[in-house]
Amino acid sequence: MKKENNKKIIPLVMWGALSLSSYLMIYLFQTDLLFYATRGGFFSAVPILFAFYFSFVHGAFASYLLPFIGVEAITKKEAH
Amino acid sequence: MEGNSIGILSNFITLDPANILFLLFVGFVGGLVSGFIGSGGAFVLTPGMMSIGVPGTIAVASNMCHKFPKSMVGAYKRWKYGQVDIKLGLIMAISAILGVQVGIQIQEVILKTWGNAGSNLYVSTMFIIVLTIVGAYVFKDALNMAKSKNAKEETTALAKRIQSINIPPMIYFGKVGAKISFWVTFPIGFCTGLLAATIAVGGFIGVPGMIYVLGVTSTVGTATELVIAFVMGLVGSVKWAMSGMIDIRLTLIILAGSLIGVQIGAAATTFVKPYLIKFVMGFIMLLVAGSRILAVPQYLNELNIVPMEKQVLTALDQTSFIIMSLTLLAGALIIVFSMIRGKREIKRANAIAEVRVND
């Protein structure tokens, strides 16, 4: 039982830490980030890539967090 | 943060802790609502951003950039629950991309001609028109469904008539269970994109369009909308990024709240009756429309169309903000409580079934 809990907690903490540190970096370097993200042209990739990166990292954190706090779809129903 | 250095990029607001917390909360509720009713939740987020001073165009652009990754996560979750018609989603999405291109052109012309106040007025006016019409229709439908004894969704007469139209190419959609002409899905998709580029939420046309015109259930309609939102959001974001209109800081803060909210909202759909999804959708649409009406005099004043006293404008602005915040809170509470109630009912039913088996 304890081992199972550890299996759930370790990725939750790891993704959480990565997400939090990424957000901290954004806060610290926001002026530079905004400067490059709004230059257009080739730099248009900057906001898109950042959005993808954060959705992956923070989304993974959220996926581990929600079952941990008891939020899960009980029925996988075929809504037809 | 250095207020002055951001000041160089004059269209972008200075972030303070209060703003950040507000955006996190709005993002969470926006995600919750969009996971539940399928729309981008931007009808919550765009006015939310505008209420802390973000210009309309940047609010729409930043929202669109947060929408595609969030929709991707939501669509994946609901596909796992068996609620997504991928073929319908992709066909609608391609039509929507064309709509987005046209919508962005219109926005750019308005911004160049009338500036931020003109853009704010345009976005707010579109919000009010679409939210009032569609919100009233959806709300009425939800009330009718709740009143009728069998809360099962029925295919509308309009959808049945549409399904009988036979103009090639005809495409079979598994979740609809019928062939529908491409020339029916195309205009719905196009208008979805057009609206998305205008107010950053196309779901107000896409979801009711799929339910009432194509004849899908509200569960499938709201889930399939997430596929459209992803494709359309990605293409639209690239276009907005080219014009340098995305405030990536706002995008990422909102994403932090909404990625958690969207998964809770998606899970909640599996606990509730379909009319509740429509009820929440209509309820939020109508109240947000009311809140936006109160913001219009400020933009009319900025454009010198209707000059007004500053005190009156401040009072209207604050009332608009309070109505919107309470609406969000109420919407979130309805979703969370119905999920808790649904969970409890399932537990009770299981317990009764267990007792019967033991007897």
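Naming convention: chains lettered A, B, ... in sequence-line order (proteins, then strands); numbering from 1 in each chain. Values below: all heavy atoms of this structure, side chains included; hydrogens, waters and symmetry mates excluded.
In this structure, CZ on B:Arg249 lies 5.0 Å from CG on A:Leu34, to the nearest 0.5 angstrom.
Inter-residue side-chain proximity for B:Thr251 and A:Phe54 is flagged as unmet; no heavy-atom pair is nearer than 4.5 Å. Looking at heavy atoms from C-beta onward, B:Met245 lies out of side-chain contact with A:Thr38 at the 4.5 angstrom threshold. Residues B:Ile248 and A:Val46 are not in side-chain contact: their nearest non-hydrogen atoms beyond the backbone lie 4.5 Å or more apart.
Counted within 6.0 Å of OH on A:Tyr64, heavy atoms from surrounding residues, nucleotides or ligands total 12 or fewer; the atom is thus considered open.
For A:Tyr23 (side chain) and B:Leu252 (main-chain N/O), a donor-acceptor pair under 3.5 Å exists by modelled atom type.
Contact count against chain B (heavy-atom pairs under 4.5 Å) is highest for A:Ser44 among A:Ser44, A:Ala51, A:Ala62. Of the residues considered (B:Ile253, B:Ile260, B:Leu234), B:Ile260 shows the highest number of contacts with chain A, using heavy-atom pairs under 4.5 Å. Per-residue counts of heavy-atom pairs under 4.5 Å with chain B were compared for A:Phe50, A:Phe43, A:Phe61, A:Phe52; the largest is that of A:Phe52.
Scanning both residues, B:Leu259 and A:Ser55, for their nearest heavy atoms gives CD1-CA, 3.5 Å. Contact between B:Ala241 and A:Pro47 at its shortest, heavy atoms only, is CB-CG, 3.9 Å. When all heavy atoms of A:Gly59 and B:Gln263 are compared, the pair lying nearest together is O-NE2, 3.6 Å.
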Evaluate side chain to side chain contact (heavy atoms under 4.5 Å, CB included) for A:His58 paired with B:Leu255, printing each intermediate quantity in order.
CA-CA 8 Å; A:His58 192 65; B:Leu255 205 53; over 6 Å; no
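At a 4.5 Å heavy-atom cutoff, A:Ser19 makes no contact with chain B through either its backbone or its side chain. The part of A:Ile26 that comes within reach of chain B is its side chain, from C-beta onward, which places non-hydrogen atoms under 4.5 angstrom from that chain.
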